[in-house]
Each structure stands twice: as structure tokens, then as C-alpha cells.
Amino acid sequence: MSRARSQTRVVLAVGAHPDDVEISCAGTLKALQDAGFSIHIATMSLGDCGSKEIPPDELRRQRRAEAEEACRILGATYHYVGSHDFSIFNDDVHNRRMTALMREVDPNIVLTHSPGDYILDHDNTSMLVRNACFYAPATNYDCSRFSEAPAMRSIPYLYYWDVMEGIDIFGKRVAPEFYVDISGEMELKSEMLAVHRSQREWLRAQHGMDEYLESMRKWGSYRGGEAELLRSMGGAPTQSILYAEAFRQHLGHAYPQDNIVAEVLPTRVVINPSY
């Protein structure tokens, strides 16, 4: 029996802030859920610095409620890891907290931010999740301060979703390794993102952005066009891909080398041959 079929079918998606997961991979989570996976969504923080008017404690309550509402729409389980905005660090406490959650959820697929994204909260979350995937099976790595869950059986599959606007911190394009067609999931993805009302107000005040949902849809459409072009160049039958999400797989030593997402969603995944 292959590794992909021998383990529990559980997905854990970890974002730095509420709404990161919805923007980046909610469509893929829905597709995996329909394929038989249970879905868990975690955030490192509760976005407590994301307002010019709302004080941190009140904002934490509001943004946690929004995150939980989004999870209810999907039928996912929500987890708060226990950090704060601009205070997500690759230190001992954060590593043990994240590893404790990894052991509690016991996923075989993990999704998180790409390394080198535009803000260190994202970059450090990516590192913490990567570490936790490796540490969680190590029996002697003690996380009992945060959870009594036992060590995992093995290192899970780890995937990084798109960097913001598809570019790194130097403005260089980051090519996806593969795309997932989420044309049928875009309306649910939009519904999940729409419940993060406080974030829309923050982006409007801080960044002058008032196209929260529309920006997400435009980027999904752009990635969908790329995926459709690649599929047609590969000689596959013409099939319209209205929206897509893009990913890269962590393939370092000891991590799984086969692509379980492509195996589970064979008609949805478009591989980038030039990656």
C-alpha cells in the first residue's frame, strides 16, 4: 500500500493570521475535503495589530470569531496556535507550540506560507511549520507543556502556497510547481473570505485597498489562465480553468517525495514542466 493511502486522511493548513488560509488555499482545501480528507485550519496569531481603531483585545475576539465562522462554512476545525502579530518568531516556545499542534491534528498533508514571503510573520510561520513537520515524529522532542499528544508516525507531506502577488521580497517572480483548478470552489472560497470583515476595513485604512474579494478573484483568475495555457501546451484536451491556486512542494531530505495532492486530485492538478 502506498504511503498516500496508508495514512489518516487529514489536512492541516497554517497561516500567520486569520484570512491567510482563505486567500491562499481554501479552494484546494474544499477539493481535498470532497476527496475524503478532514480539514483543520490554524492561525499563529489573531491579527491583533490589524486595526487603527479597534484595541488589541477586542480585535482578537473579533478576528477569532471571523476565523471560526469561515471554518464553519467549510466544515473545518479551527485552531489558534498562541502568538501575536509581529511577534511570530523561530524560537523554542513557538517551535514546541507548533509541534504540539501538529501532533494533535496528526495530518498527512500540511499547507503553509512560502519561504521568503513579503512579511516576516509569513516567513517565520513557514519555518515553524516546516520545523514542526520534521520534529513531530521525534519521540524525544518534548512538547508536553502544550499537549500530551504522542509523536507522529512520520513526516507529513508539506506544501507552500503562493507568495503574495507571485513575487519574492526582491520583486522576482516565483514560479509555481503546480496548480490546482478551483473553478468549482471559487464561490465557497469567496464566501469564506468575506466573513473576515475586520481585515477588509484594515486594508482599506492601512493600504488604501478596497477590493479585498475582487483582488483575490483576479489573482485566482490569473493563475487559472496560466494553468489552462500549460495544460493546452501539454496536449491535454482543452478545458477552461477559470480559477486556480498555486503551490510548491517541500522536497528536502526525509520529506515525502511523491505528490499526494496530484495523486488525490489527478484531474485538477496541472504540473508546471519548467519548474
Side-chain angles (χ1 to χ4, degrees), residues 1-18 20-21 25 28-29 32-46 64 67-68 70-72 74-84 87-113 115 121-161 247 249-261 263-264:
M1 184 180 296
S2 73
R3 177 190 177 99
R5 302 192 188 285
S6 65
Q7 294 185 323
T8 305
R9 295 167 75 85
V10 178
V11 180
L12 173 62
V14 185
H17 317 102
D20 286 337
V21 169
C25 68
T28 299
L29 293 180
L32 289 169
Q33 183 184 63
D34 289 345
F37 286 79
S38 61
I39 308 299
H40 293 253
I41 294 175
T43 63
M44 295 298 301
S45 78
L46 294 175
R64 179 164 189 157
E68 290 172 345
C71 282
R72 282 194 294 272
L74 179 61
T77 302
Y78 175 73
H79 307 267
Y80 167 47
V81 181
S83 192
H84 301 289
S87 299
I88 302 170
F89 303 118
N90 182 16
D91 58 20
D92 186 64
V93 171
H94 279 81
N95 275 291
R96 293 183 194 273
R97 281 186 183 274
M98 188 64 244
T99 303
L101 175 64
M102 190 75 64
R103 288 173 173 175
E104 286 182 353
V105 176
D106 192 21
N108 57 326
I109 297 177
V110 177
L111 310 174
T112 194
H113 295 280
D121 275 1
H122 291 188
D123 202 12
N124 287 338
T125 295
S126 179
M127 181 67 74
L128 290 165
V129 174
R130 172 185 167 185
N131 289 347
C133 287
F134 197 92
Y135 301 165
T139 306
N140 286 348
Y141 188 61
D142 184 8
C143 300
S144 58
R145 175 181 171 188
F146 303 108
S147 173
E148 294 295 336
M152 290 171 57
R153 296 179 297 277
S154 58
I155 296 172
Y157 293 82
L158 174 59
Y159 296 90
Y160 302 122
W161 60 61
F247 300 90
Q249 184 176 359
H250 187 95
L251 293 171
H253 173 72
Y255 286 78
Q257 300 295 296
D258 56 312
N259 188 344
I260 187 176
V261 174
E263 177 183 337
V264 172

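Note that this is a predicted model, so its numbers are computed, not measured. Side-chain atoms are counted along with the backbone in the values below, which use heavy atoms only and exclude waters and symmetry mates.
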Out of curiosity, T112 OG1 to H250 NE2, how far, rounded to the nearest 0.5 Å?
12.0 Å
To the nearest 0.5 Å, tell me how far W161 CH2 sits from L111 CG.
7.0 Å
Residues N95 and N90: closest non-hydrogen pair is ND2-OD1, 2.9 Å
Parallel, tilted or perpendicular: which fits the ring planes of F134 and Y255, with parallel below 30° and perpendicular above 60°?
tilted
Under the side-chain contact (heavy atoms from CB on, under 4.5 Å) test, residues paired with A100 that sit two or more places apart:
C143, F146, S147
Identify every side-chain donor-acceptor pair in residues 36-44 under 3.5 Å, counting partners at least two apart or on other chains, and give the distances.
unit_1: H40; atom_1: ND1; unit_2: H79; atom_2: NE2; d: 2.8
unit_1: T43; atom_1: OG1; unit_2: S45; atom_2: O; d: 2.8
unit_1: T43; atom_1: OG1; unit_2: Y78; atom_2: OH; d: 2.6

Where the side chain of T125 meets the backbone of G15, is there a donor-acceptor pair that is under 3.5 Å apart?
no
Show your working on side-chain contact (heavy atoms from CB on, under 4.5 Å) between M98 and N131 and close with a plain yes or no.
CA-CA 9 Å; M98 188 64 244; N131 289 347; over 6 Å; no
Before giving the answer on side-chain contact (heavy atoms from CB on, under 4.5 Å), spell out for L32 and R9 the whole-Å C-alpha distance, their side-chain angles and the decisive distance to 0.1 Å.
CA-CA 9 Å; L32 289 169; R9 295 167 75 85; over 6 Å; no
Just how far is it from atom CG of D34 to atom CG of L29, taken to the nearest 0.5 Å?
11.0 Å
Nearest 0.5 angstrom please: D123 CG to L128 CG, how far?
10.0 Å
Please lay out, stage by stage, how Y159 and I260 fare under the test side-chain contact (heavy atoms from CB on, under 4.5 Å).
CA-CA 10 Å; Y159 296 90; I260 187 176; 3.4 Å; yes
Side chain to side chain, R97 and R145, heavy atoms closer than 4.5 Å
no
Working to the nearest 0.5 angstrom, can you tell me the gap between I88 CD1 and M127 CE?
14.0 Å
Please check if any side-chain donor atom of Y157 sits under 3.5 Å from a side-chain acceptor atom of N259, or the reverse.
no
Does anything in residues 134-143 pair up under side-chain hydrogen bond (donor to acceptor under 3.5 Å, both in side chains), and if so which pairs, sequence neighbours excluded?
D142-S144
Could you tell me if the side chain of V105 sits less than 4.5 Å from the side chain of V10, heavy atoms only?
yes
Locate the shortest heavy-atom distance separating P156 from P107; write the atom from each residue and the value.
CB-O, 3.5 Å
